[in-house]
Structure formats: C-alpha cells, structure tokens
A.B. asks: 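Below is one structure. I have some questions about it.
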Amino acid sequence: MASSCSQALGHHVFKRSRILQIHLQKSWPNRSFALNSAADQQLAVSSPEIVIPKKKTWSKEAVLQALASTVKRDPTASDYRFQDDPYLTPKTSSEFKLFSLSQESGRNAAKYFINTYPKYFQKDYAQPHIPCLMPDSLEAQIEEESEAALVERVRMRKVRAAVDLFDQLQQAGTPVSLDVTNQLLDLICLYGDHDPTQENVPEQRIEETEDVQDEPQAKKGRGAKASDLLKASWKENNNAERIFALLSEPNAHSYSAVIRGMVKYGAHSKAFSFYTDLLNSRLKADVHTFNALITAAPEVKEKYNEKWELIVDLLKQMAEQKVKPNLLTLNAVLKALRRCGTVGRSQAFPVISEMKSLSIDPSLASYTHLLAIFYKPGAPVQGQTDVLQEVMNEVSGKSFSPQDPDDALFFITAMRICLDTKDMEQAYRVHELLGVGENWRLLGKDFQQNIYYARFFSLLCMMENIDVMLKWYRDLVPSVYYPSSNVMRDLLQALDTDNRLDLIPLIWKDIKQLGHANRQNLVEELLTLMAREKHNQEVQESFAECALDIKKIYDTGDRGKVLLNWTAGSLNDLISVLLAAHRTRDAWEMLKLFKTHNRVPSEELLNKFLVCVKEAGEVNQAVELVQISAGFCLPGTPKLIQRVLQEFELTEQQRNMLSDLEIQSFNSD
Amino acid sequence: MNKNMATSLVRQTKLLSIVSSQLNSAACFRNIHCSAACLKNRAARIRVGKGDKSVTYEQAYHPHHIGHRKGWLSQHTSNLQGEDGAAERVVEDVFIRRFMYGTFHGCLADEVVIKRRGNLLVICAVMIQKLLPSKFYFLIGYTEELLSHFYKCPVKIEMQTVEEKVVYKYL
C-alpha cells in the first residue's frame with residue numbers, strides 16, 4: 001500500500017515535473033535545458049552573438065504621433081476648424097470663408113478684452129508657465145527717454161514711436177550706441193517706415209519672430225505681408241536714410257539693414273549705390289546683403305546677359321569676401337534667372353550643382369523657380385517634360401519644412417505645369433508628395449489650396465475616365481475642396497465624354513448644395529445634356545425629377561427675386577425632358593410659360609409634343625397645340641396642321657378651325 | 001452674604017454691559033450669516049405639476065438617479081483617492097456654466113457638460129438653432145479664447161445643434 005502510494009506519488013511528481021519542464025520550455029524558448037542537449041547544440045550553432053540594442057528615448061509626443069498615424073483623413077468630415085454638426089458645417093466655399101472668418105473675429109474680440117483688462121487674467125495656474133495665454137502688454141512700460149526705452153519700443157515693433165524717441169534722444173544729446181541704432185535701422189527697414197498693422201487681420205495672422213535680425217529667414221507666416229509690400233515703396237530721404245546719415249561710423253550691419261530695406265521696398269538702384277559705398281568704406285557685406293542685391297539685380301539691368309553678368313559678379317565678390325552662400329542665395333539666384341530668358345535655362349542646372357557641392361540642399365522654392373524657368377505660363381511646351389519628371393524624382397518621398405516664403409508656390413506651380421502638359425502621372429506624384437510627412441503645411445493659404453485642387457480636378461476631368469474621376473470627387477469634395485462652377489462644367493463634360501449621363505441628377509444635387517444653382521450657363525448646359533439623347537426609362541424618370549427641381553429654381557423666389565431667366569433653349573430642353581418621361585401634364589403647363597416669358601418654342605419640340613399627345617389620344621390638346629403654333633407664326637404650322645388633320649379624329653368644329661388656321665398661315669407666308 | 005451676591009451680580013452685569021458695548025463698538029464686529037434653508041430632498045428636482053411644464057431628460061430625473069439613469073455633468077479626476085483640487089474644479093465649473101448661459105443666451109437646450117482630459121478643458125453643449133452659424137462661430141471663437149486665457153489651459157467647445165429643445169415629458 002505504501003509502496004503503491006509512493007509509486008503513485010513518484011509518478012505524480014514525475015508527471016508534474018514534466019509538465020513544468022514543458023511549460024518552461026514553451027515560455028523560455030531561448031534558454032536551453034540540459035535535458036535537450038541536441039537542441040541545445042543546434043541553438044548554439046544557429047544563433048549569432050546577441051547584441052543588446054541601445055536604449056531608445058522617445059519624445060513626449062511619440063505615443064500621440066503613433067496613434068495619429070493610424071487615423072487617415074475622413075472624407076465625410078469637414079475641416080478641423082468647424083464643429084461636427086450638420087447645421088454648422090459649411091457647404092459652399094463662401095460659407096467656409098464666412099465661418100472661419102467669424103471664428104477668427106470672435107477670437108479677436110476676446111483678445112481685445114483680454115488686452116484691455118489684463119488685470120483679470122494675471123493669475124497663473126499653469127505649471128509650467130504658458131506665455132501665449134497671458135495678456136499682451138501693448139503699451140511701452142519705460143517712459144523716460146533712455147536707450148532702454150528705445151530698445152523696448154523696437155522690441156514691441158512701434159516704428160513711429162521708436163523714431164520719435166530716437167530724435168528726442170539726439171536732440172537731448174544722449175549718445176545712442178551703435179548696436180541700438182542698428183536695431184532701430186533694422187526695424188525701420190523691415191517695416192518700410194510704417195507701423196505694422198496692429199490688429200490681427202484674419203487669414204493674415206503673423207507670428208512674431210523673436211528677433212528683428214531674423215527677417216530673411218522668415219517663416220511662411222511673414223509672406224502674408226505681400227499686399228502691404230505692393231503698396232509701400234521706399235520714399236526719398238525717409239527716416240532710415242536720415243538716421244543712417246546721422247551715424248558717425250556706420251558698420252556693416254547698418255549698411256546691410258538699409259540695403260535690404262531698399263531692396264524690399266523697391267529702391268533697387270539706390271541699393272546698389274549704397275553697396276558701392278559699403279565697398280568704398282572697406283567693409284565686408286554679409287550673406288543677407290548679398291541675397292538682397294542678387295534679388296535686386298534683374299531690376300537694374302535690361303538685357304538678359306547683363307543681368308546674368310551682374311549676378312555672377314556679385315557671386316564672385318561673395319567668394320572674394322569669403323562669405324558663405326546659403327539656401328536663400330540659391331533661391332535668389334534662381335528667382336533672378338526666371339527673368340533672364342534663355343540664359344536662365346542654360347545656367348539653372350549648373351547653379352544648382354555648384355550649390356550642391358557647397359552642401360546647400362535645394363528646397364521646394366528652388367524647385368519652384370526651376371520649374372518656372374523651364375515652363376513659362378502660356379508658352380507652348382517644347383519637349384521639356386523631362387525637367388518636371390526629374391524634379392519629381394528628386395523630391396518624391398521627402399518631407400520638407402518651410403525655409404523660404406516661396407516654398408508655398410511649389411504645389412500650385414507643379415500642378416499648373418501638369419495641367420499645361422496634360423501629364424497625369426506627374427500630377428499623381430505631386431499629389432502623393434502632398435501626403436508625405438509635413439508637406440501638407442506647404443500647400444499655402446486657403447485660396448492657394450483652392451487653386452491647386454481646381455487645377456488637379458480639371459486635369460482629372462480631361463484625362464481620366466469617369467470612375468477614377470468620381471473616386472477622387474467623392475474623396476475630396478466637399479471635405480477638402482469646394483469646386484467652382486467651371487470645374488462642375490468640366491465634370492459635366494467628362495460625364496458626357498464617358499456616356500455616364502445617368503449620373504447627372506446626383507451632380508445636380510451637389511451643384512445645388514455648393515450654391516452654383518444660380519449660374520445660368522451651368523444650368524442651361526445641364527438641361528441640354530439631359531435633353532439631347534434618349535435613355536432608358538429609369539434614367540428618364542430621374543431626369544424628369546431633376547428637371548422639375550430645376551424648374552423650381554427658375555420660378556420667382558420667396559422675396560420676388562428672380563434668380564434665373566428663361567431662355568428659349570432652356571425651356572425647350574426642359575419640356576423635352578419632361579416629355580421623354582411622359583409627364584405630359586407638367587409639360588403642358590410649361591408650354592404656357594412660353595407665352596408669359598416671350599420665348600418661341602422650337603418646331604421639334606412641338607412635333608415631339610404631338611407624338612406624345614397622339615399616344616395619350618387627347619384630341620383637344622392637339623388642336624390647342626396647333627393654335628399655339630399658329631400664335632407664334634411658326635413656319636412649321638402648316639405641316640403640323642396636316643398631321644393633326646390626318647392622325648386625329650376631329651369634330652366638325654375643330655376641322656373648321658384648323659382649316660381657318662391653314663388659310664391664315666398660307667396668307668401670312 | 002446678600003451683599004456679596006449683590007456686588008458680584010452688579011459686577012457681572014457691569015462686565016456684560018462692558019462686553020456688549022465693546023462688541024457693538026466699531027473695533028470688533030462679527031455678524032452671523034444666515035441663508036435660506038436649502039433642503040437636500042428638494043435639490044435639482046422639478047415637482048410634478050399640472051402637466052403643461054415640459055422637462056428635458058436631464059431635468060426629469062432626480063439626483064439619486066445619477067449613475068443609474070443619468071450621467072455626470074462634470075467629469076474630472078479630483079474626486080479620486082489621493083487627488084486634490086476638487087473645490088477649485090467646482091468653482092471653475094460654476095463659472096463656466098454661468099459664462100456659457102450668458103454668452104449663448106437663450107440658445108442652450110440642455111445643461112453644459114464639462115470634461116477635463118489632462119490639461120484640456122472640453123465644454124460640450126447642445127444648442128438650439130436660434131442663431132446663424134456664423135454667429136455661433138463668432139461666439140465659439142470668443143469663448144474658447146477668453147476661457148483659455150482665463151484658466152491658462154486649452155479650452156475646446158464641442159457643440160451640437162437641435163431644432164428645438166428636446167422634451168422628455170410634461171410634468
């Protein structure tokens with residue numbers, strides 16, 4: 001008994017240990033136990049030296065970024081700015097603009113209150129401190145006349161106040177140091193002697209850069225000042241020049257500030273004369289000055305060769321003075337080459353390769369200028385499709401960050417070229433580039449985005465078949481892009497080309513939603529396309545519904561405002577569509593409209609009507625038709641009368657009436 | 001014996017009069033505040049009436065239904081074990097509710113729900129379609145900006161609109 005127990009126990013223990021070993025082997029496959037010596041040897045042979053990798057440090061947002069990468073854009077949702085509610089989603093591009101602008105103006109109203117009553121917003125709960133949520137201090141703190149006050153006004157970008165204070169200091173005899181004067185010069189030259197606009201204009205919100213000297217490396221936001229630049233120009237003897245003249249020994253920085261200001265505000269030849277002054281004072285110009293001068297070079301010379309020689313001269317001087325060029329130099333040279341015609345074409349690539357050898361990588365702006373050099377808008381393409389392809393080869397798959405204000409023009413330039421050269425493949429590559437990394441930021445403002453998508457859509461309508469087109473349509477409209485009426489016309493053309501006219505009622509619904517239902521051309525084209533051919537029964541039914549819907553638009557609106565005017569063509573088409581779907585009653589009512597709007601029906605229409613009426617067997621209507629036709633003195637009336645007399649069974653009265661009409665029409669001929 | 005009692009009594013009354021006069025002098029003034037009686041069994045309940053008063057779902061169920069038939073209107077973690085700041089959250093919530101009631105005057109269809117996720121303050125509101133969408137967006141931008149600057153944290157509004165107030169029953 002005891003032995004059997006112990007045997008059973010031993011067996012039990014053995015089983016348990018086997019199970020334990022199996023579990024262990026399963027959970028630690030890399031460990032090898034002494035039991036499995038053969039497997040152990042195999043493992044030792046096959047596994048190489050185990051290298052423990054270095055510990056990876058993840059950024060704080062790594063988890064969020066990983067989660068974000070799993071979510072793609074939702075084609076049914078509207079822009080992130082808006083609330084997710086059908087009442088609050090914009091359906092047309094004007095609504096989009098209106099809602100985003102009203103949201104911005106709400107923010108500005110709040111900012112006004114926060115800055116007017118800063119004492120209620122001073123309590124700081126945030127750990128760490130969030131500076132952008134504190135009220136802005138817009139008033140200068142330091143009141144007495146001193147250099148520190150001047151520095152403060154410069155930092156707060158108050159141009160006029162700074163200049164006034166400087167003059168006061170000069171009159172009082174206080175010496176202002178060269179550094180501070182240079183900062184003042186920078187400020188004046190940056191803003192062209194005007195105060196920067198104080199209110200945050202929506203859609204042109206400018207992020208304040210930290211330092212005035214960082215102006216040329218400006219982020220994209222600064223490009224919004226272009227509209228101001230166009231109006232402002234460098235005046236004679238303005239404050240910058242005056243203050244410069246007051247300087248006893250201007251250094252390179254002062255010259256640089258004035259030259260850059262002159263170039264920015266259009267005084268190009270003056271900039272060059274200043275530059276000669278700089279050289280005469282044996283000072284060295286820095287890279288920003290050279291960039292500005294290269295930008296100004298095409299303005300001061302007329303011929304292409306001379307422009308190029310000037311640029312080469314400047315570059316040589318740069319090399320002599322041992323000033324290293326940077327990305328903006330490359331972009332300035334390429335931009336200047338745009339104005340140099342054929343010289344530009346021959347010199348563009350050598351410039352890029354030289355810059356590459358200096359380890360300056362071209363940004364999207366360089367590629368934009370390159371494309372613009374080779375593909376002039378409006379000029380016929382002479383077999384230069386390779387350039388676009390080469391550029392796309394270079395940039396595909398790379399993520400770019402904004403380094404130059406002109407980076408934002410790349411996508412619309414590339415899409416314009418694809419549209420001109422009708423190159424669908426490159427267009428797809430350009431669109432793909434938009435999806436890589438951070439490149440979506442470089443698409444530009446809302447209206448630039450609209451231009452890009454309009455061109456993309458036009459190209460798709462022209463080149464691709466209807467299924468691909470509709471796939472893109474459903475993907476992009478209306479979450480990203482609100483098509484204009486021209487693009488909708490292109491879409492209708494594409495439908496026509498591919499014989500998918502049955503989709504017209506759906507497109508009509510979209511047109512109504514986008515707010516283009518009041519465009520005469522579009523609606524008339526729609527009606528013509530519907531009325532042109534005969535389709536099968538369901539399609540005709542849907543067309544008839546659509547036609548009745550269109551009719552409602554034509555009728556006077558609620559407030560008596562007439563949105564669209566009937567033309568003979570549109571009326572004809574509408575009635576033909578109704579007839580084709582056998583809606584004789586509706587068509588009959590519409591016939592009356594001819595009289596009220598003073599339009600003449602066409603003969604084919606009346607013929608078609610007669611056929612329909614014959615099918616329905618309405619004799620009275622047939623006679624009325626003839627009367628209408630006679631009323632309009634149509635040339636086809638006699639034939640109509642003949643047909644009615646032959647095909648219908650008429651009463652005596654009706655016959656008499658018809659013969660009268662016949663005689664009348666005979667007499668009038 | 002009587003004399004002693006009398007003198008001590010007189011002294012006591014004198015003491016009292018001195019004390020009371022001191023109390024009523026300008027130097028020390030302490031008053032007692034009284035509020036109206038707020039009974040717990042009458043809080044947040046709309047009593048059954050004639051049958052013409054419409055109530056929303058939120059109003060129809062009483063506070064003991066919270067967690068059973070109703071959710072919470074304010075969601076934050078300060079009521080968990082070891083977390084602090086509950087009182088501050090309550091004060092913030094009260095302010096935010098009054099602010100929303102006043103800014104979107106007449107447009108609120110139901111109580112505002114306030115959610116806190118980390119640093120972010122999310123204000124969820126259901127509105128009646130009383131204003132044009134552009135006016136709604138103006139007020140949304142204004143509220144978000146003002147409250148962000150006030151509370152030094154990002155504030156987002158999630159809004160939903162209904163055509164009219166959703167009536168649950170009539171009491």
Side-chain angles (χ1 to χ4, degrees), chain A residues 60-61 63-64 67 77-92 94-137 200 202-203 205 515, chain B residues 76 78 84-85 87-89 91-92 95-96 99-100 102-104 107-110 116-164 166:
Chain A
K60 292 205 180 105
E61 301 101 30
V63 175
L64 291 174
L67 285 173
S78 66
D79 200 57
Y80 68 91
R81 286 172 249 200
F82 303 117
Q83 300 289 327
D84 192 11
D85 183 66
Y87 183 69
L88 296 175
T89 325
K91 294 183 190 58
T92 73
S94 48
E95 269 185 19
F96 183 97
K97 227 166 136 188
L98 177 67
F99 294 171
S100 48
L101 286 179
S102 39
Q103 196 164 18
E104 274 303 310
S105 65
R107 284 190 216 278
N108 292 344
K111 276 226 124 15
Y112 169 76
F113 279 115
I114 293 163
N115 292 331
T116 321
Y117 303 102
K119 64 181 175 179
Y120 298 117
F121 296 91
Q122 297 290 359
K123 188 158 182 198
D124 196 7
Y125 303 97
Q127 295 281 350
H129 177 66
I130 305 175
C132 70
L133 289 179
M134 299 299 287
D136 298 333
S137 47
N200 279 328
E203 289 211 317
R205 198 169 237 204
Chain B
H76 53 84
S78 16
D84 56 356
E88 285 91 352
R89 300 295 91 79
V91 172
E92 285 170 16
F95 179 80
I96 290 170
F99 188 86
M100 292 296 286
T103 314
F104 294 89
C107 296
L108 277 175
D110 208 345
R116 288 178 174 76
R117 298 173 197 149
N119 194 18
L120 181 65
L121 189 65
V122 182
I123 302 175
C124 311
V126 183
M127 301 278 172
I128 306 174
Q129 289 170 3
K130 198 171 144 182
L131 301 173
L132 288 175
S134 53
K135 296 203 203 287
F136 269 124
Y137 277 112
F138 179 87
L139 292 174
I140 288 172
Y142 167 78
T143 313
E144 283 186 355
E145 188 78 8
L146 201 78
L147 288 179
S148 303
H149 281 256
F150 194 59
Y151 285 123
K152 310 289 182 236
C153 65
V155 172
K156 295 250 179 302
I157 292 188
E158 288 181 7
M159 189 181 283
Q160 187 198 341
T161 54
V162 287
E163 294 201 0
E164 40 184 54
V166 183

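The sequence lines fix the lettering, A, B, ..., with proteins before strands; numbering per chain opens at 1.
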A.B. asks: OG of Ser100(A) to OH of Tyr137(B): how many Å apart, nearest 0.5 Å?
C.D. replies: 9.5 Å
A.B. asks: Within the side chain of Glu144(B), is there an N or O that forms a donor-acceptor pair under 3.5 Å with the backbone of Arg107(A)?
C.D. replies: no
A.B. asks: May I ask you to decide if Ala110(A)'s main-chain N or O and Glu145(B)'s side chain share a donor-acceptor pair within less than 3.5 Å?
C.D. replies: no
A.B. asks: Rounded to the nearest 0.5 Å, how far does CD of Gln103(A) lie from OG of Ser134(B)?
C.D. replies: 11.5 Å
A.B. asks: Atom OH of residue position Tyr125(A) - does it have more than 12 heavy atoms of other residues, nucleotides or ligands inside 6.0 Å?
C.D. replies: yes
A.B. asks: Kindly give the heavy-atom pair with the smallest separation between Tyr87(A) and Thr161(B), and that separation in Å.
C.D. replies: CB-OG1, 3.3 Å
A.B. asks: Go through Thr89(A), Leu133(A), Asp124(A), Asp84(A) and name the one with the most non-hydrogen pairs under 4.5 angstrom from chain B.
C.D. replies: Leu133(A)
A.B. asks: Heavy-atom cut-off 4.5 Å, strictly under: side chain, backbone, both or neither for Ile130(A) against chain B?
C.D. replies: side chain
A.B. asks: Do the ring centers of Phe136(B) and Phe99(A) come within less than 6.0 Å of each other?
C.D. replies: no
A.B. asks: Checking heavy atoms, do the side chain of Leu146(B), its backbone, both or neither come under 4.5 Å from chain A?
C.D. replies: both
A.B. asks: Are there over 12 heavy-atom neighbours, none belonging to Glu163(B), within less than 6.0 Å of that residue's CD?
C.D. replies: no
A.B. asks: Tell me, for Phe113(A) versus chain B, whether the close heavy atoms (under 4.5 Å) come from the side chain, the backbone, both or neither.
C.D. replies: side chain
A.B. asks: Using non-hydrogen atoms and a 4.5 Å limit, figure out which bit of Glu88(B) sits close to chain A: side chain, backbone, both or neither.
C.D. replies: neither
A.B. asks: Enter the distance from Phe138(B):CZ to Leu98(A):CG here, rounded to the nearest 0.5 Å.
C.D. replies: 12.5 Å
A.B. asks: How long is the gap from CG on Leu88(A) to CE on Met127(B), to the nearest 0.5 Å?
C.D. replies: 9.5 Å
A.B. asks: Flag yes if more than 12 heavy atoms outside Tyr120(A) fall under 6.0 Å of its OH atom; otherwise flag no.
C.D. replies: no
A.B. asks: In residues 147-156 of chain B, which residues are in contact with chain A at a heavy-atom separation under 4.5 Å?
C.D. replies: Ser148(B), His149(B), Phe150(B), Tyr151(B), Lys152(B), Cys153(B)
